[in-house]
Amino acid sequence: MTTNFLQAPIAPVDEQALIKLCQQLIQTPSYTGQEKGVASLLKDTMLALGFDHVWIDDVGNVIGQIRGAMAGPSILFDGHIDTVEVSDQDKWSVAPFAGEIRDGHLYGRGATDMKCSIGAMIQGLAPLIAVKNTMAGSVFISGTVCEETFEGIALGKVIEAVQPDCVIIGEASGLSLKRGQRGRAEIAVTTLGKAAHSSNPAVGKNAVYMMMELVEKIRSLPVSQDSFLGDGILELTDIISTPYPGASVVPHRCRITFDRRTLVGESQDGVLEPIRQAIAELQAQDPSFAAEVAIVSASQECYTGAVLSGNRFFPAWVLEETHPLVDGALQALRQTGLNPSLTKYSFCTNGSTSAGVNQIPTIGFGPGREDGAHVVDENIEINQLVGAAVGYQAIAAKFLLK
Ligand SMILES: [Zn+2]
């Protein structure tokens with residue numbers, strides 16, 4: 001699509017400045033836990049543009065505020081600043097950190113997921129600075145760390161500090177408006193057998209055979225369903241036996257991980273219960289059958305030295321179609337000339353915290369194709385970038401300008 005016709009409500013987006021900022025962001029690698037350079041770049045950029053307050057918090061998130069002259073709501077625009085790694089550079093046709101432009105597309109790791117979205121927030125919202133005296137409330141932009149390994153945990157720190165009334169997640173949506181997503185849980189299941197020499201397996205209990213039985217049972221469990229979000233699927237993602245590698249020994253332990261996509265209202269206990277039940281049924285048949293199930297807990301060290309930790313459980317969320325945030329954002333986007341459809345994200349985002357945990361009205365709107373993340377030759381259409389910047393400005397103007 002072309003975005004040249006779009007009507008920005010306050011001032012046109014400085015397209016050259018936007019592209020330059022996005023190139024600089026791509027040229028500053030920021031793998032998870034290594035976001036320091038990109039956080040500083042964003043801080044300096046917001047300060048230079050005249051944001052009222054810009055700071056980096058203890059876990060390394062960068063936050064900027066434009067404060068209106070009058071009291072009003074706080075709107076938080078969020079994007080994560082970490083990226084997945086480039087593990088297959090030989091497959092790329094461009095240098096992943098060069099920020100090269102080709103045929104109207106900007107290339108590089110993080111172009112779609114999701115540095116350019118933050119660039120669009122900053123350049124799209126900067127014109128609010130000039131009209132602050134007619135603004136009621138505040139706009140915040142957060143560049144959050146460690147989303148790729150721990151979605152939402154770092155955003156929780158921003159929410160504590162900012163106390164927003166609503167949140168706009170800038171993950172790629174192809175400029176459509178998102179009002180929900182499935183959540184995600186990582187579930188570890190372990191069977192506990194008994195080691196023996198593999199020449200005499202009868203005196204042991206093979207934990208892998210036990211796991212085979214249990215997996216078969218778990219796979220036959222009914223799947224939770226939601227007409228808007230989709231299925232609460234459960235997929236096995238890894239398996240390891242102990243000892244590994246094994247030589248002439250019956251494994252006494254076997255551990256698998258399931259990725260469970262969750263629906264609204266599903267709790268940590270709720271997703272574990274059917275698996276506990278399956279274990280109990282096998283125990284009823286064989287009293288020596290022993291197994292454990294739990295949500296995986298993990299920790300992640302931030303570049304500041306702070307440690308984020310918690311269970312890998314990220315709740316689902318849906319905002320009703322008639323909510324004023326959905327309605328107002330749709331109107332604002334249409335007034336610019338955009339024509340957004342109203343759908344859901346197919347992946348998990350920081351919205352799991354803002355909407356799922358903190359119950360703050362949340363929507364998603366961002367540049368780039370949803371399937372354009374984590375891929376070789378990651379790139380974003382510059383028209384999408386401009387469209388997102390205009391869209392962010394329109395949403396902020398709709399709710400804050402008098
Ligand atoms: Zn992302």
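Remember, it's 1-based here, ligands and their atoms both numbered in the order they're listed.
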Keeping waters out of it, list the protein N, O or S atoms under 2.8 Å from the Zn ion (ligand 1).
His80 NE2, Asp113 OD1, Glu171 OE1, Glu171 OE2
Count the heavy atoms belonging to other residues, nucleotides or ligands that lie under 6.0 Å from NZ of Lys36, then report whether that count exceeds 12.
no
Neighbour count >12 (heavy atoms, 6.0 Å) for atom CZ, Arg253
no
Within 45° of the axis and under 6.0 Å from the centre of the six-membered ring of Phe228, does NZ or CZ of Arg179 qualify?
yes
ring-ring contact (aromatic ring centres under 6.0 Å, His included) pairs, two or more places apart, involving residues 39-69
His53-Trp55
Residue pair Glu266 / Ser224, side-chain donor-acceptor N/O under 3.5 Å:
yes
Given side chain to side chain donor-acceptor pair (under 3.5 Å), test His80 with Asn350 step by step and report yes or no.
CA-CA 8 Å; His80 64 82; Asn350 271 346; over 6 Å; no
